[in-house]
Colleague: 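Handing you a structure now.
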Protein chains: 2
Amino acid sequence: MVSREYNSKKFITPDGYASDIAVFTITSESNGQYKPPIKFLKIMLIKRSNQDHEGNPNIEAGKWALPGGFVRSNETAFQTAERKLYEETGVGGLRIKHFGVYDSPGRDDRGWILSNAHYVIANEEFLKNRKTTKDASDIQLLTIEDALEINLAFDHRKIIDDAIWFIKKDMALTTLAKHFLPKEFVLSELQGVLLTVLDDPSIKTDAAFFRKAPTLPFLEAVSENGKLKKSNRYSKTPAQLYRFNDFQPITSVYSKKLKG
Amino acid sequence: MVSREYNSKKFITPDGYASDIAVFTITSESNGQYKPPIKFLKIMLIKRSNQDHEGNPNIEAGKWALPGGFVRSNETAFQTAERKLYEETGVGGLRIKHFGVYDSPGRDDRGWILSNAHYVIANEEFLKNRKTTKDASDIQLLTIEDALEINLAFDHRKIIDDAIWFIKKDMALTTLAKHFLPKEFVLSELQGVLLTVLDDPSIKTDAAFFRKAPTLPFLEAVSENGKLKKSNRYSKTPAQLYRFNDFQPITSVYSKKLKG
DNA sequence: TTAACAATTAACAAATTGTTAATCAAGGGG
DNA sequence: CCCCTTGATTAACAATTTGTTAATTGTTAA
């Protein structure tokens, strides 16, 4: 397969090509009946076991790490991400997005190992339904604050830092919020998700947000048999349910007012 | 270096890790004196020689390809990009940005070879000053249209397609335009650059663009000894010179009107 | 002197925003 | 069953921005 021309240069080649996945979710904690819950941004991490499958001591054992694994020669890192996500956490069918490559020499004591990093957003309900393929202590949802405090394997702290930066950006610029929410949701839920990840004053003020939201081209009010569908899940007053449609908004710094 | 534990799995490892760079520039073609020039978005490609440095037949010989090369085990792909860009095209000091990884099995006949893809924006003047490290026929600036029509090596067509998508996005969302322009420029130059890459009606209408531009937080009028500095390079009427400052604008789809 | 023309400015209606103050529609206590 | 409370919306209005079309200005070339 590898040609003579290429081999003759005696290049040193990588010792491994890994695919890692930062799985984010927002968990809700009830704040009393008929009140919007308190939300926390969390990341799914796994604890590296002391031994590998063959019983040999595992590198970075005992530390927390992003789920992931080595890419096989007949698949892409993207496919590896799908596969490992399902194998290790039992979740499937989520939108996976590449956001960076980590290839600093020395990042992995085993040798020259590259990591192709992805992120995934899962809504709470989705994660609840996951199969428990490993015992619970292995997989944990940690708040971002906690995750960045504990002892993380390899350069996963840097990877998580970057991943957070990317989801913030995508949350502001795309309809990423949809992946944190159920199909149909109430405006306060959307607002809660946005505020958990972003820090945009124009989202904070209720009146402005509630007036603008219904006009956003990527949101639509849900109706059922001709009349608007409402929900009481977080308020006594029935609140209108919304869903995301397929509109892909784009913005530009050269039009409309900016904040920075 | 590679531990027993790891080796014992007999993983197949990649046969090579490459770094490729899509270098974009906008060339100006005079449209008559005192007129804004016509601009074209171009990409720098190199023609793969028939033999490699050692005289062996080269893979994908004769085809056009992105400049780039194999990452060494003691550097990152980013550093490779800097090094190869300088070696092959004589340009240095440009802002290089990662945008994707190409790792489909079979993308390179030599084996399992990954490409870490970057893009770079160079302004015309900068490229003019480049050292000619290779004979001219080897390196060419092609318009995007031409580049996508010719026979490109490996999966470089896909890489270029993606790179274009990324620069469009970054052009709209960041002050990327600054890299296409000289330090000080006239509004019609900025407008020309934006229209060459983007297709935003609000930029097209002169009156709107000229009225809004001076208020953009990331632009500032240039003055010299207390008075505003003007230029006649593209008009009889002296036009105000502007420069980008360090303001990093951010936008959000949840505020301000959208287009999509 | 004047026609031409890019670069601004002006002017004004239409659309969006920020803000503060009403309304509305239950659930729960009395 | 009548209020009180609390989110969820609406209303009301002033302040900003934008889209458009119509002037103005400064300079070169005929």
Side-chain angles (χ1 to χ4, degrees), chain A residues 28 30-39 184-192 194-195 200-217 219 221-223 227-242 249 251-259, chain B residues 28 30-39 184-192 194-195 200-217 219 221-223 227-242 249 251-259:
Chain A
S28 303
S30 176
N31 190 24
Q33 220 191 351
Y34 299 116
K35 272 189 196 315
I38 304 173
K39 290 173 184 289
E184 301 180 352
F185 52 87
V186 144
L187 288 186
S188 65
E189 287 181 277
L190 171 59
Q191 188 185 30
L194 294 175
L195 289 176
D200 186 330
S202 85
I203 293 168
K204 262 189 202 116
T205 62
D206 278 25
F209 183 74
F210 280 90
R211 183 187 44 181
K212 184 164 23 186
T215 72
L216 293 173
L219 287 185
V222 181
S223 30
K227 56 177 176 296
L228 294 170
K229 193 171 171 191
K230 313 254 177 179
S231 160
N232 280 70
R233 59 186 131 174
Y234 299 127
S235 65
K236 297 166 184 168
T237 313
Q240 178 60 47
L241 285 168
Y242 288 85
T251 38
S252 161
V253 297
Y254 295 100
S255 27
K256 322 307 163 192
K257 207 180 69 180
L258 309 173
K259 299 152 302 177
Chain B
S28 301
S30 176
N31 190 22
Q33 221 189 350
Y34 298 115
K35 272 188 195 316
I38 304 173
K39 290 173 182 289
E184 301 181 353
F185 53 87
V186 143
L187 289 185
S188 65
E189 288 181 278
L190 171 59
Q191 187 185 30
L194 295 176
L195 289 176
D200 186 329
S202 85
I203 292 168
K204 262 192 200 112
T205 62
D206 278 26
F209 184 74
F210 280 92
R211 181 187 44 183
K212 184 166 22 188
T215 73
L216 292 173
L219 288 184
V222 180
S223 28
K227 56 177 178 295
L228 295 169
K229 193 171 170 190
K230 313 255 178 179
S231 161
N232 282 70
R233 59 187 133 176
Y234 299 128
S235 65
K236 297 165 184 169
T237 313
Q240 178 60 48
L241 284 168
Y242 288 85
T251 39
S252 161
V253 298
Y254 295 99
S255 28
K256 322 308 163 188
K257 205 181 70 181
L258 308 173
K259 300 151 304 181

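Lettering of chains follows the sequences in order, A, B, ..., and the numbering in each one begins at 1. Model, not experiment: these values are computed from the prediction.
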Colleague: Write down the partner of dA21(C) under the Watson-Crick or G-U wobble criteria, each distance required to be under 3.5 Å.
Modeller: dT10(D)

Colleague: Please tell me if the side chains of L219(B) and Y254(A) come closer than 4.5 Å, counting only heavy atoms from C-beta onward.
Modeller: no

Colleague: Rounding to an integer number of Å, can you tell me how far D206(B) CG sits from dG19(D) C1'?
Modeller: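 Rounding to the nearest Å, CG of D206(B) and C1' of dG19(D) are 14 Å apart.
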
Colleague: With a 4.0 Å cut-off on heavy atoms, is T215(B) in touch with a base, just the backbone sugar-phosphate, or nothing at all?
Modeller: nothing

Colleague: Looking only at the side chain of S235(A) (C-beta and beyond, no hydrogens), which of the listed nucleotides dT19(C), dG27(C), dA8(D) gets closest?
Modeller: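 Nearest to the side-chain atoms of S235(A), counting from C-beta on, is dA8(D).
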
Colleague: Just to be sure I understand the rule, does A239(B) reach a base, reach only the sugar-phosphate, or reach nothing, if contact means heavy atoms closer than 4.0 Å?
Modeller: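 Counting heavy atoms under 4.0 Å across all strands, the contact made by A239(B) is with sugar-phosphate only.
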
Colleague: Do the side-chain N or O atoms of Q33(A) get closer than 4.0 angstrom to the phosphate oxygens (OP1, OP2) of dT6(D)?
Modeller: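 No, outside the criterion.
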
Colleague: Closest heavy-atom contact between S28(A) and K39(A)?
Modeller: OG-NZ, 3.3 Å

Colleague: Is S231(B) close to F185(B) at the side-chain level, that is, under 4.5 Å between some pair of heavy atoms?
Modeller: no

Colleague: Looking only at side chains, do S223(A) and K229(A) share a donor and an acceptor under 3.5 Å apart?
Modeller: no

Colleague: Measure the distance from CG on L241(A) to P on dG7(D) and round it to the nearest whole Å.
Modeller: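 Answer to the nearest Å: 18 Å.
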
Colleague: When you measure from the side-chain N and O atoms of K236(B) to the phosphate of dA29(D), is any distance below 4.0 Å, counting only OP1 and OP2?
Modeller: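 Indeed not, no polar side-chain atom of K236(B) lies that close.
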
Colleague: Taking CZ from F209(A) and P from dT16(C), how many angstroms apart are they, rounded to a whole number?
Modeller: 17 Å

Colleague: dG28(C), dT20(C), dT8(C): which one has an atom nearest the side-chain heavy atoms of Y34(A)?
Modeller: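 Of the options given, the side chain of Y34(A) lies nearest dG28(C).
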
Colleague: Donor-acceptor pair, distance only, cut-off 3.5 Å: does the side chain of E189(B) make one with the backbone of P36(B)?
Modeller: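 The answer is no, because no donor-acceptor pair under 3.5 Å joins these two groups.
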
Colleague: Counting only side-chain heavy atoms from C-beta out, which of dG28(C), dT8(C), dG7(D) sits nearest to F210(B)?
Modeller: dT8(C)

Colleague: Nearest nucleotide by nearest heavy atom, which residue falls closer to the 5' end of DNA chain D, P238(B) or P36(A)?
Modeller: P36(A)

Colleague: Q240(A) has an atom CD; how far is it from atom P of dC24(C), in whole Å?
Modeller: 18 Å

Colleague: Please determine, for the side chain of R211(B), which listed nucleotide (dT21(D), dG19(D), dA8(D)) has the closest atom?
Modeller: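 Given the options dT21(D), dG19(D), dA8(D), the side chain of R211(B) is closest to dG19(D).
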
Colleague: Once you round it to whole Å, what is the distance between P of dA7(C) and CG of L228(B)?
Modeller: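 To the nearest whole Å, that distance equals 16 Å.
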
Colleague: Whole angstrom is fine here: how far is it from OH in Y234(A) over to P in dT9(D)?
Modeller: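 Checked: the OH to P distance equals 14 Å.
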
Colleague: What is the separation between atom CG on L190(A) and atom P on dA8(D), rounded to the nearest whole Å?
Modeller: 12 Å

Colleague: Check whether the side chain of T237(B) and the base of dA6(C) form a donor-acceptor pair under 3.5 Å.
Modeller: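 Yes, the side chain and the base share a sub-3.5 Å donor-acceptor pair.
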
Colleague: Tell me which of Q191(A) and A208(B) sits closer to the 5' end of DNA chain D, going by the nucleotide each one is nearest to.
Modeller: Q191(A)

Colleague: Find the distance L187(B):CG to dT8(C):C1' and express it as a whole number of Å.
Modeller: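 It works out to 10 Å between those atoms.
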
Colleague: Taking only the side-chain nitrogens and oxygens of K212(A), find out if one of them lies under 4.0 Å from OP1 or OP2 of dT16(C).
Modeller: no

Colleague: Below 4.5 Å, heavy atoms only, C-beta onward: do Q191(B) and L195(B) meet side chain to side chain?
Modeller: yes

